[in-house]
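Notes follow the structure.
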Amino acid sequence: MTTSPPATREHAHGRPWQRVDFKEVGRRVLLPLFALLIATLGTGLLLVRVLGDSWLIARDEEVSREVAGERSPFWNGVTDVVSSFSDTPVIVVATAIFAIGFRIAYKRWRESVFLIFAVWAQSLIFLASTVVSERPRPEVAHLDPAPPTSSWPSGHTSAGVAFYLGVAVVLGLHVHRHAILRWVLLAIGLTIPLGIAASRLYRGMHHLTDVSWGFMLGAACVAILAGGALYRPALKASGRVST
């Protein structure tokens, strides 16, 4: 009988400790996230520095004016509530609660790590992009106090997608034998961020392109982290025991 090298250890449940495969993390997670960062930065600069007088920007402003012209007290109240679903304190606290809950429920860190890093990734890309682009907010009345960040992209939207869709993906993974329930969870995980995006547009805080890219940004972070940490964890055993 041969045994693994002395460096290999086992924890209380008899399974070998795992170490991070940094090459796999780089290839499956860091490189795609870096490409997403560059794309977000580049598109923001393109909109502000190159396309400032183009039909696309003019159409963006026109959409904002059309939406603002249809405001009513009822929808003002509804969008205020829906927009708050992705306020920074809400997302931070909810992410912590669900991360702890996933760890307790599933007796492992994979789901928690996925959710935390999906939310963190979109946040870091959003913050870098909003500082670089400095895109002005729509030229309509704003129903919320304008935060110090610029209009590109919509951080409320990207955070909403990363969190709500991320939670839906985790729950869907554990109900894979119930296809209908899985699709219902995914539908909810997409519908809430869509409502957030529409609310931010309605309230004059972002252009249509801002919320569209924010939605894509959040979804891309979920997809990248799901591939790297959830469905195909970028880990490998530090050693083996053979007999």
Side-chain angles (χ1 to χ4, degrees), residues 22-64 86 88 91 95 113-138 146-169 186 189-201 205-232 234:
F22 290 103
K23 289 183 179 180
E24 283 296 289
V25 170
R27 181 176 67 85
R28 296 215 304 255
V29 177
L30 298 183
L31 283 179
L33 287 177
F34 181 73
L36 185 60
L37 169 64
I38 296 302
T40 306
L41 290 172
T43 304
L45 290 174
L46 182 66
L47 290 173
V48 175
R49 307 291 174 83
V50 179
L51 302 176
D53 297 324
S54 69
W55 65 268
L56 177 61
I57 302 303
R59 181 55 183 163
D60 244 2
E61 292 292 347
E62 183 180 349
V63 169
S64 293
S86 195
T88 298
I91 294 297
T95 299
V113 168
F114 156 72
L115 182 64
I116 291 171
F117 279 91
V119 173
W120 278 4
Q122 65 77 31
S123 179
L124 292 175
I125 294 174
F126 153 72
L127 289 173
S129 301
T130 193
V131 169
V132 172
S133 68
E134 296 183 329
R135 187 183 190 188
R137 295 187 183 274
T149 53
S150 64
S151 190
W152 173 268
S154 172
H156 271 72
T157 304
S158 62
V161 176
F163 174 72
Y164 293 104
L165 181 59
V167 169
V169 168
L186 290 176
L190 289 170
T191 300
I192 295 176
L194 283 172
I196 293 170
S199 296
R200 299 304 286 171
L201 177 64
M205 305 311 298
H206 290 285
H207 304 87
L208 178 60
T209 49
D210 300 330
V211 298
S212 299
W213 193 277
F215 197 95
M216 184 281 297
L217 171 60
C221 288
V222 169
I224 292 169
L225 269 300
L230 191 59
Y231 291 105
R232 297 174 61 192

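Numbers here simply count residues along the sequence, with the first being 1.
Inter-residue side-chain proximity for Tyr164 and Leu190 is flagged as unmet; no heavy-atom pair is nearer than 4.5 Å. The side-chain heavy atoms of Thr43 and Trp213, taken from C-beta on, include a pair separated by under 4.5 Å. Between Leu33 and Leu225, the closest side-chain pair of non-hydrogen atoms falls below 4.5 Å.
Among the candidates Leu165, Leu124, Val161, Leu36, the single residue satisfying the side-chain contact (heavy atoms from CB on, under 4.5 Å) test with Cys221 is Leu36.
Here the closest heavy-atom approach between residue Val211 and residue Thr157 is recorded as O-CG2, 3.5 Å. A pairwise comparison of heavy atoms in Pro153 and Thr40 identifies CG-CG2, 4.2 Å as the closest pair. Nearest heavy-atom pair across Ser158 and Leu217 is CB-CD2, 3.9 Å. Summarising the geometry of Leu37 relative to Ala128, their closest heavy-atom pair is CD1-CB, 4.0 Å, with the distance given to 0.1 Å.
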Self-check item: From CA spacing to verdict: side chain to side chain contact (heavy atoms under 4.5 Å, CB included), Asp60, Ser64
Solution: CA-CA 6 Å; Asp60 244 2; Ser64 293; 5.9 Å; no

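In terms of the side-chain contact (heavy atoms from CB on, under 4.5 Å) criterion, residue partners of Ser151 (sequence neighbours excluded) are, by chain and number, Arg135, Arg137, Pro138, His206, His207, Asp210. Shown here are the side-chain hydrogen bond (donor to acceptor under 3.5 Å, both in side chains) partners of Ser199, two or more places apart in sequence or in another chain: there are none. With sequence neighbours left out, Glu61 forms a salt bridge (Lys or Arg N to Asp or Glu O under 4.0 Å) with no residue at all. Partners of Leu56 according to the side-chain contact (heavy atoms from CB on, under 4.5 Å) rule, which considers only residues two or more places apart in sequence or in another chain, are Leu47, Leu51, Ser54, Thr209. Qualifying ring-ring contact (aromatic ring centres under 6.0 Å, His included) partners for Phe117, counting only residues two or more places apart in sequence or in other chains: Trp120.
Going from atom CZ of Phe163 over to atom OG1 of Thr95 covers 5.0 Å, rounded to the nearest 0.5 Å. Here the straight-line distance linking atom CD1 of Ile125 with atom CZ of Phe34 works out to 10.5 Å at 0.5 Å rounding. In this structure, OG1 on Thr130 lies 10.5 Å from CG on Leu41, to the nearest 0.5 angstrom. In this structure, CD1 on Ile57 lies 9.0 Å from CG on Asp53, to the nearest 0.5 angstrom.
The backbone N or O of Ser129 sits less than 3.5 Å from a side-chain atom of Ser133, completing a donor-acceptor pair. At least one donor-acceptor pair closer than 3.5 Å links the side chain of Ser86 to the backbone N or O of His156. Looking only at distances, no side-chain donor or acceptor of Trp152 sits under 3.5 Å from a matching main-chain atom of Leu45. In this structure a side-chain-to-backbone donor-acceptor pair under 3.5 Å is present from Ser212 to Leu208.
Pairs of residues two or more places apart, or lying in two chains, never qualify as salt bridge (Lys or Arg N to Asp or Glu O under 4.0 Å) while including a residue from residues 217-226.
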